[in-house]
S.K.: 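Next up is a structure, given as structure tokens.
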Amino acid sequence: MRVSSNQILEAGVKSMESSLADAMAWQKKISTGKNYSKASDNPYAVSRGVRLEFDVARLEMYKTNQNYVASSHAIAQTQMSTIIDEITVLKQAFVQSQNGALNSNNFRALKIQAEQIRDTIKAQSVAKDATGNAIFPETIYNVQIEPNLTVKSGVQFSDLSGNYLNSSATDQFDFSALTLASGDTVRIGTVTFTANAATTGSSLASQFVAYLNSNTAGTTGAFANTGAGNSIANWTGTASASSGVLTLAATTAGSGKVSPGDAATTISAVSGSVKSTFTDGGVNETSSDLYQKINDFVTYLDERASGSSLTKTAGAIESGLDAIFDRITTAQQRSGGIAAQVDISKEAMGTIGTEMAATASALLDTDLAAATAAYTRSQTLLNAAQAMFARLQQSSLFSKL
């Protein structure tokens, strides 16, 4: 069987094209670092690898959250440790104050010491970190540190001070859009109103105001107060109403609020909705339970120094100091528990992230050693094919064929 020169030429060209394509493919893998340039190269590997890369990126977000929470709690714990040490000194000073041999000068010296500690703790309770954020913020958030696990972002001011509200806080409830049928109820705190007849909600705010300000429960007009009373915890200030909007005001520091998301506000079987707007009055450290308990001790020492009648007994002072000490140590323990949880999550997420990254790399990334060897081999074959084809073209045999 005779082989034509064209057939030999075509075979040589195909051999060189194949070697060239292999060399270029391996060169691309080496230069990009990726084993596949498109999904069709290996649909499963590309899809699985991209998913793993996404999961690794998500773990990096968790890592950022973990670092934020760990830093926030570490700073708060350091600050609480200092405050606890200072309260311990106050408790020791109280024990000293019960020594019957102390004179007025001794009590004045203890008073000065207690005042200094009081003012130091006052400043520490509202101190800010290096980034300008409060170490004990008014509001903390749930932060996700791993799938299906959230923790508190820090230690709240109220956890430290025992208080959240102050006299400038307000909470507004818009009843203007409500339509009440007979028997429908609206409850805020412990105050419950039941409609005796179908009515719109525009006058409901005024009815709430009447009950809250007059301290009178019962039935008036189309509404009846069917709850346990007509006072709302921490909102004992004068209530007001305008255009169907009820406004509650806080007159003293409190530990809670009535606002969206709280179970204290419920509405049953009504048409319409109630919008609630809470305005935070800001931190007032001098009205906090923490400050007041220490200040009571200062007052006690001043009265002992001057021989005045005691505003509070020694037992009440000791109980107050014990209460703030217990509250802060409890807050510190909770914070420490969260920090420990974050440390465990860091370790677990770090291990998982490393495994995912390795798996994604094995699926998608080029094995440079193997790729370089394959590239060298294909390039060698290409050069050999080109050389042989060139010699063949120049030979007398090729012309005869």
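The residues of the chain are indexed from 1 along the displayed sequence. The shown structure was predicted, so the numbers you read here are calculated from the model rather than taken from an experiment.
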S.K.: Who are the salt bridge (Lys or Arg N to Asp or Glu O under 4.0 Å) partners of Asp129, not counting sequence neighbours?
M.R.: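 Result, salt bridge (Lys or Arg N to Asp or Glu O under 4.0 Å) vs Asp129: none returned.
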S.K.: Taking only residues two or more places apart in sequence or in another chain, which ones pass salt bridge (Lys or Arg N to Asp or Glu O under 4.0 Å) with Asp296?
M.R.: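 Per chain and number, Asp296 pairs via salt bridge (Lys or Arg N to Asp or Glu O under 4.0 Å) with Lys312.
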S.K.: Quick one, Val143 with Thr150, criterion side-chain contact (heavy atoms from CB on, under 4.5 Å). Give me CA distance, side-chain angles, the key distance, then yes/no.
M.R.: CA-CA 5 Å; Val143 178; Thr150 60; over 6 Å; no
S.K.: Quick one, Ile84 and Phe325 - any side-chain contact, counting heavy atoms below 4.5 Å?
M.R.: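 Touching, per the 4.5 Å side-chain cut-off.
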S.K.: Quick one: does any side-chain atom of Glu138 pair with a main-chain N or O of Phe157 as donor and acceptor, under 3.5 Å?
M.R.: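 No, the answer is negative, given that no donor and acceptor are paired below the 3.5 Å cut-off.
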S.K.: On a heavy-atom basis, which atom in Ala169 and which in Phe278 lie closest, and how many Å separate them?
M.R.: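 Nearest pair, atom of Ala169 first, then Phe278: CB-CE1, 4.5 Å.
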S.K.: Please tell me if the side chains of Gln113 and Val89 come closer than 4.5 Å, counting only heavy atoms from C-beta onward.
M.R.: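 When only atoms from C-beta onward are counted, Val89 and Gln113 do touch, with a gap below 4.5 Å.
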S.K.: As a test of understanding, state which of Ile294, Leu290, Thr286 forms a side-chain contact (heavy atoms from CB on, under 4.5 Å) with Lys122.
M.R.: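 Only one option passes, and that is Thr286.
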S.K.: When rounded to the nearest 0.5 angstrom, what distance separates OG in Ser242 from CD in Gln172?
M.R.: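 Answer for the OG-CD pair, Ser242 versus Gln172, is 9.0 Å.
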S.K.: Pair Tyr291, Glu285 - check side-chain contact (heavy atoms from CB on, under 4.5 Å), show working.
M.R.: CA-CA 7 Å; Tyr291 182 91; Glu285 63 275 17; 5.6 Å; no
S.K.: Which atom pair, heavy atoms only, marks the closest approach of Ala239 to Val209?
M.R.: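 Closest heavy-atom pair between Ala239 and Val209: O-CG1, 3.6 Å.
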S.K.: Under the rule for salt bridge (Lys or Arg N to Asp or Glu O under 4.0 Å), what residues qualify as partners of Lys128, not counting sequence neighbours?
M.R.: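 Lys128: no salt bridge (Lys or Arg N to Asp or Glu O under 4.0 Å) contacts found.
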S.K.: Counting C-beta onward and ignoring hydrogens, is there a side-chain heavy-atom pair between Leu246 and Leu248 closer than 4.5 Å?
M.R.: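 Result yes, sub-4.5 Å side-chain heavy-atom pair found.
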S.K.: Can you tell me if Asn106 uses its side chain to pair, donor with acceptor, with the backbone of Asn103 under 3.5 Å?
M.R.: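 Pair found, side chain donor or acceptor close to backbone of Asn103.
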S.K.: So how far is it from Leu149 CG to Gln144 CD, rounded to the nearest 0.5 Å?
M.R.: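 The distance works out to 8.0 Å.
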S.K.: Is there a side-chain contact between Leu160 and Ile328 (heavy atoms, below 4.5 Å)?
M.R.: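 Yes, close enough: below the 4.5 Å cut-off.
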S.K.: Using atom types as modelled and distance alone, determine if a side-chain donor or acceptor of Ser345 lies under 3.5 Å from a backbone N or O of Gln341.
M.R.: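 Flag set: sc Ser345 to bb Gln341 pair under 3.5 Å.
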S.K.: Mind checking the CD1-CD1 spacing from Ile83 to Ile121? Nearest 0.5 Å is all I need.
M.R.: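 Spacing of CD1 (Ile83) from CD1 (Ile121) equals 6.0 Å.
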S.K.: Provide the closest heavy-atom pair for Ala314 versus Gln98 in the form atom of the first, atom of the second, distance.
M.R.: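 Residues Ala314 and Gln98, closest heavy atoms: CB-OE1, 3.6 Å.
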S.K.: Between Asp184 and Ala181 (side chain of the first, backbone of the second, donor and acceptor by atom type, cut-off under 3.5 Å), is there such a pair?
M.R.: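 Yes: the side chain of Asp184 pairs with the backbone of Ala181.
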S.K.: Under 3.5 Å, is there a donor-acceptor pair between the side chain of Ser161 and the main chain of Ser288?
M.R.: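 Not a single qualifying donor-acceptor pair exists.
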S.K.: Could you go through the side-chain contact (heavy atoms from CB on, under 4.5 Å) check for Thr313 and Leu310 one step at a time?
M.R.: CA-CA 6 Å; Thr313 65; Leu310 299 178; 6.0 Å; no
S.K.: Please step through side-chain contact (heavy atoms from CB on, under 4.5 Å) for the pair Ile317 and Phe94, ending with a clear verdict.
M.R.: CA-CA 8 Å; Ile317 299 300; Phe94 173 80; 4.0 Å; yes
S.K.: Quick check for you: to the nearest 0.5 Å, what is the distance between Leu102 atom CG and Leu110 atom CG?
M.R.: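 So the gap between those two atoms works out to 6.5 Å.
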S.K.: Is it true that a side-chain atom of Thr82 and a backbone atom of Thr78 form a donor plus acceptor pair closer than 3.5 Å?
M.R.: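 A pair under 3.5 Å: yes.
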S.K.: May I ask you to decide if Pro137's main-chain N or O and Gln156's side chain share a donor-acceptor pair within less than 3.5 Å?
M.R.: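 Checking the backbone N and O of Pro137 against the side chain of Gln156, no donor-acceptor pair under 3.5 Å is found.
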S.K.: Identify the heavy atoms of Ser104 and Ala305 that sit nearest to each other, and give their distance.
M.R.: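 Between these two residues, the closest heavy atoms are OG-O, 3.0 Å.
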S.K.: Using the rule given for salt bridge (charged side-chain N to carboxylate O under 4.0 Å, His left out), can you reason through Lys91 versus Asp322, listing the C-alpha separation, both sets of side-chain angles and the distance that settles it, and then say yes or no?
M.R.: CA-CA 8 Å; Lys91 288 164 66 69; Asp322 288 342; 2.3 Å; yes
S.K.: Backbone N or O of Tyr68 within a donor-acceptor pair of the His73 side chain at under 3.5 Å?
M.R.: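 No, His73 side chain to Tyr68 backbone: no donor-acceptor pair under 3.5 Å.
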S.K.: I want to check something: taking the side chain as every heavy atom from C-beta on, are Ser309 and Glu303 in contact at a cut-off of under 4.5 Å?
M.R.: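 Not in contact.
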S.K.: Would you call Asp302 and Arg108 a salt bridge, using N to O less than 4.0 angstrom?
M.R.: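 Answer for the salt bridge query: no.
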S.K.: May I ask you to decide if Ala316's main-chain N or O and Ser319's side chain share a donor-acceptor pair within less than 3.5 Å?
M.R.: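 Answer holds: no.
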S.K.: Do Phe297 and Lys111 come within less than 4.5 Å of each other through their side chains, counting heavy atoms only?
M.R.: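 No; the side chains remain at least 4.5 Å from each other.
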S.K.: Side chains of Ser81 and Gln332 only: does a donor on one sit below 3.5 Å from an acceptor on the other?
M.R.: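 Result is yes, a qualifying pair exists.
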S.K.: Kindly give the heavy-atom pair with the smallest separation between Asp159 and Val155, and that separation in Å.
M.R.: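 Heavy atoms of Asp159 and Val155 come nearest at CB-CG1, 4.1 Å.
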S.K.: What's the shortest heavy-atom distance between Ser153 and Ser72, and which atoms?
M.R.: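 Reported closest heavy-atom pair: O-OG, 2.9 Å.
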S.K.: If you round to the nearest 0.5 Å, how far is CG of Asp289 from CG of Asn295?
M.R.: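 Answer for the CG-CG pair, Asn295 versus Asp289, is 12.0 Å.
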S.K.: Test your reading of the model: is there a side-chain donor-acceptor pair from Gln79 to the backbone of Gln124, 3.5 Å cut-off?
M.R.: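 Looks like yes, one N/O pair under 3.5 Å.
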S.K.: Quick check for you: to the nearest 0.5 Å, what is the distance between Phe107 atom CZ and Leu301 atom CG?
M.R.: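 Nearest 0.5 Å value for the CZ-CG distance: 7.5 Å.
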